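Comments concern the structure below.
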Amino acid sequence: LHAEQLAREIAGEPLTGRLSDLPLLQRLLADVRLARDQTVALQALGLAFGKVFVQNETGYDWWMVEDEHGRDPAVRFGQTSLLFFPQTMISKRVEQGHRVDVAEMYTGLRAQLEALRAELFPDT
């Protein structure tokens with residue numbers, strides 16, 4: 001199940017990858033049809049969150065990370081080791097019973113990554 005399909009079915013709106021998707025993702029999370037145990041759907045929303053980040057923040061792109069557990073999509077800054085895994089950012093929080101504020105998560109992530117970039121990669 002893809003986030004785009006969820007958006008159309010639940011909210012009747014398409015996802016665009018723009019910042020305007022953040023409130024739409026929030027609405028989708030608030031829908032009662034998305035339960036805590038719907039990991040695949042929640043992970044699809046996480047990927048949509050990552051798409052918004054990549055399209056709106058300079059220098060980030062998608063990267064596949066492979067380890068002993070398999071392959072996972074990550075968002076990486078430039079050609080550096082600075083990356084995060086949006087696919088599970090929402091699902092892990094929801095599954096643990098935490099309320100997710102998508103816009104706050106975006107702002108916090110951006111600030112955290114900017115601080116790390118300044119510290120670890122000051123020339124970028």
Side-chain angles (χ1 to χ4, degrees):
L1 194 59
H2 296 287
E4 179 66 33
Q5 183 182 350
L6 282 172
R8 288 188 188 279
E9 285 178 13
I10 294 174
E13 295 180 40
L15 291 168
T16 62
R18 294 191 289 261
L19 289 172
S20 60
D21 281 357
L22 297 179
L24 178 53
L25 291 172
Q26 190 70 53
R27 283 182 29 218
L28 296 175
L29 278 173
D31 193 281
V32 295
R33 289 171 277 186
L34 276 183
R36 233 187 246 197
D37 63 349
Q38 291 185 292
T39 303
V40 172
L42 294 169
Q43 287 182 353
L45 296 183
L47 290 172
F49 176 85
K51 181 179 179 181
V52 171
F53 198 91
V54 166
Q55 288 189 11
N56 292 280
E57 302 300 324
T58 304
Y60 290 90
D61 62 3
W62 287 100
W63 187 252
M64 288 302 289
V65 175
E66 191 166 347
D67 63 15
E68 64 274 5
H69 303 291
R71 291 171 45 100
D72 290 302
V75 172
R76 180 176 74 157
F77 176 67
Q79 299 296 315
T80 71
S81 58
L82 182 60
L83 48 87
F84 69 94
F85 296 86
Q87 182 173 5
T88 56
M89 287 182 73
I90 291 174
S91 63
K92 283 184 178 179
R93 286 166 174 81
V94 171
E95 289 165 359
Q96 293 169 357
H98 301 293
R99 184 188 173 282
V100 177
D101 183 321
V102 177
E104 185 179 285
M105 188 170 69
Y106 186 97
T107 303
L109 177 63
R110 183 177 56 209
Q112 191 175 22
L113 290 171
E114 284 175 4
L116 285 169
R117 282 175 44 195
E119 178 185 335
L120 300 172
F121 311 104
D123 299 330
T124 59

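For this chain, numbers begin at 1 and follow the sequence in order. Since we're looking at a predicted model, the values are computed, not measured. The basis for the numbers below is simple: all heavy atoms, side chains too, and nothing from hydrogens, waters or symmetry mates.
Remark: Gln55 engages Lys51 in a side-chain contact (heavy atoms from CB on, under 4.5 Å) (not counting sequence neighbours). Checked against salt bridge (Lys or Arg N to Asp or Glu O under 4.0 Å), Arg8 has the following partners two or more places apart in sequence or in another chain: Glu4.
Inspection of the Thr88 and Gln43 side chains reveals no N or O donor paired with an N or O acceptor under 3.5 Å.
Closest non-hydrogen pair, Leu24 versus Ala7, comes out as CD2-CB, 4.2 Å. Counting all heavy atoms, side chain and backbone alike, Ala3 lies closest to Ala44 at CB-O, 3.4 Å. In terms of heavy atoms, Ala74 sits closest to Pro86 at CA-CD, 4.3 Å.
With Asp37 contributing its side chain and Glu95 its backbone, the two residues share no donor-acceptor pair below 3.5 Å. Using modelled atom types, no side-chain atom of Glu9 and backbone atom of Leu6 make a donor-acceptor pair closer than 3.5 Å.
Counting heavy atoms from C-beta on, the side chains of Leu25 and Leu29 never come closer than 4.5 Å. No side-chain heavy atom of Leu42 sits less than 4.5 Å from a side-chain heavy atom of Thr39. Side-chain contact between Val75 and Leu83 is absent, with no heavy atoms from C-beta onward closer than 4.5 Å.
Under a hydrophobic clustering in which Ile, Leu, Val, Met, Phe, Trp and Tyr are joined whenever their side-chain heavy atoms come within less than 4.5 Å, directly or via other members, Val100 and Phe85 fall into different clusters.
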Only pairs under 3.5 Å count here: list side-chain donor-acceptor contacts from residues 58-71, not counting sequence neighbours, and write none if there are none.
from: Asp67; atom 1: OD1; to: His69; atom 2: N; distance (Å): 2.8
from: Asp67; atom 1: OD1; to: Gly70; atom 2: N; distance (Å): 3.2

Just list the side-chain donor-acceptor pairs under 3.5 Å for residues 102-121, sequence neighbours left out, or say none.
from: Tyr106; atom 1: OH; to: Glu57; atom 2: OE2; distance (Å): 2.7
from: Thr107; atom 1: OG1; to: Ala103; atom 2: O; distance (Å): 3.0
from: Arg110; atom 1: NH1; to: Glu57; atom 2: OE2; distance (Å): 3.3

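With rounding to the nearest 0.5 Å, the separation of CG in Leu15 from CZ in Phe49 is 13.0 Å.
Counting only residues at least two apart or in different chains, side-chain hydrogen bond (donor to acceptor under 3.5 Å, both in side chains) contacts with residues 10-22 comprise Glu13-Arg27, Thr16-Asp21. For residues 73-93, no pair satisfies salt bridge (Lys or Arg N to Asp or Glu O under 4.0 Å), with sequence neighbours left out.
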Derivation of the side-chain contact (heavy atoms from CB on, under 4.5 Å) call for Leu28 and Asp31: CA-CA 5 Å; Leu28 296 175; Asp31 193 281; 5.7 Å; no
